[in-house]
2 protein chains.
Amino acid sequence: MMNIGEAAAASGVSAKMIRYYEETGLIPPAGRTGSGYRTYGPKEVQVLRFVRRARDLGFPMEKVADLLALWRDRGRASAEVKRLAEDQVAVLAQRIREMEEMKATLEHLVHACAGDERPDCPILADLGGGHCRT
Amino acid sequence: MMNIGEAAAASGVSAKMIRYYEETGLIPPAGRTGSGYRTYGPKEVQVLRFVRRARDLGFPMEKVADLLALWRDRGRASAEVKRLAEDQVAVLAQRIREMEEMKATLEHLVHACAGDERPDCPILADLGGGHCRT
DNA sequence: GGTTGACCTTACCATCATGGGAAGGTCCAT
DNA sequence: ATGGACCTTCCCATGATGGTAAGGTCAACC
């Protein structure tokens, strides 16, 4: 049995976050010693690592909860898990697209900017420009 | 002179955000009518549109403030603007890289998952697995 | 002149996931 | 027994946005 600091080190989840996950119900309340310290065993650490890994893949906490529930459900259909993962792929793809677009626009502007000591700057011109109605 | 609702419509920045930008000092306090309504002219709307556009390119508010300062400074060197833009391109590129990596990992897992009614699922196996000590 | 509805004001709360810190209790090794 | 490293709870902050509630104002219409 480890206390929260060791569990944090073993799982890669900060002690702060472990408490938060417990508070929000993502994970069940940890056991406690007589003096109130939380205790964790290998199973709990594995759960924490699961959460960590899912977060690393960009799943929001709500989806992590869904994944955890499926993980615990031995009668799950893998199709459900796959759907969650596919949804997440779509979310990521969308975000990537948006950022690619921002990046392309910015690169275009950067390319057009002399970048010297003169004040003329197509980047500022673009930001301030567009069309203004009085 | 327009009130905040019209300025919001004209700039694409919500009234809520206009007040917030003013409160945080990103933009100077708007003029007021005798009864306390904020008033905006074409110049203010242009500033708001500048902010909107910069935010659309992913600049955090702090950088938007820097850009605004340069915009107002007629003696600026375009090199400074360019540097801000290049930094932002780098930030975007980094984020894109991270998300591409997540996406690639997930796609790999999705590909390996049968997605049927059976419980066996490489996605969950990966999340829970790695190396677990029981 | 009065009513109505659309607008404005401030002030507070919520998000999402995380970190920071204070004030106080516990554990262990010296 | 003392010190330092740990734990506990509680509150605050982030960044940018939305929501809501209580109350004031304006303009149009009858």
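The chains referred to below are lettered A, B, ... by the order of the sequence lines, with proteins before strands, and numbering in each begins at 1. Below, each value reflects all heavy atoms present in this structure, side chains not excepted, and no hydrogens, waters or symmetry copies.
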Q. Okay, side chain of A:Gln88, backbone of B:Leu106: is any donor-acceptor separation there less than 3.5 Å?
A.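 The answer is no, because no donor-acceptor pair under 3.5 Å joins these two groups.
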Q | Side-chain donor/acceptor of A:Ser78 to backbone N/O of B:Gly115, under 3.5 Å | A |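 Side chain of A:Ser78 to backbone of B:Gly115: a pair is present.
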Q. Hey, mind stepping through B:Glu107 and B:Lys103 against salt bridge (charged side-chain N to carboxylate O under 4.0 Å, His left out) and telling me if it holds?
A. CA-CA 6 Å; B:Glu107 278 171 338; B:Lys103 179 163 163 280; 3.3 Å; yes
For the pair made of [atom1] in [X] and [atom2] in [N], what is the distance, rounded to whole Å?
X	N	atom1	atom2	result
A:Lys16	D:dT14	NZ	C1'	14 Å
B:Met61	D:dT14	CE	P	12 Å
A:Met1	D:dC7	CE	P	16 Å
B:Leu26	D:dA16	CG	C1'	12 Å
B:Asp56	D:dT17	CG	C1'	14 Å
A:Ile18	C:dG19	CD1	P	11 Å
B:Phe59	D:dA16	CZ	P	13 Å
B:Glu23	D:dA16	CD	P	14 Å

Q: Check every strand shown and say whether A:Ser14 touches a base, only sugar-phosphate, or nothing at a heavy-atom separation below 4.0 Å.
A: sugar-phosphate
Determine: side-chain N/O of [X] to OP1/OP2 of [N], distance under 4.0 Å, yes or no.
X	N	result
A:Arg32	D:dT9	yes
B:Arg55	D:dA16	yes
A:Asn3	D:dC7	yes
A:Arg19	C:dG19	no
B:Ser35	D:dC26	yes

**Q.** Closest-nucleotide 5' rank along DNA chain D - winner of B:Tyr21 and B:Thr33
**A.**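 Counting from the 5' end, the first nearest nucleotide belongs to B:Tyr21.
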Q. Which nucleotide sits closest to the side chain of B:Tyr20: C:dA17, D:dT17, D:dT8?
A.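 So the nucleotide nearest the side chain must be D:dT17.
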Q: Given salt bridge (charged side-chain N to carboxylate O under 4.0 Å, His left out), test A:Arg97 with A:Glu101 step by step and report yes or no.
A: CA-CA 6 Å; A:Arg97 243 176 281 130; A:Glu101 197 182 323; over 6 Å; no
Q: Ignoring hydrogens and angles, answer whether the base of C:dG25 and the side-chain atoms of A:Tyr37 contain a donor-acceptor pair closer than 3.5 Å.
A: yes
Q: Take A:Asp120 and A:Arg118, measure what salt bridge (charged side-chain N to carboxylate O under 4.0 Å, His left out) needs, and give me the verdict at the end.
A: CA-CA 6 Å; A:Asp120 310 276; A:Arg118 288 170 304 169; 5.2 Å; no
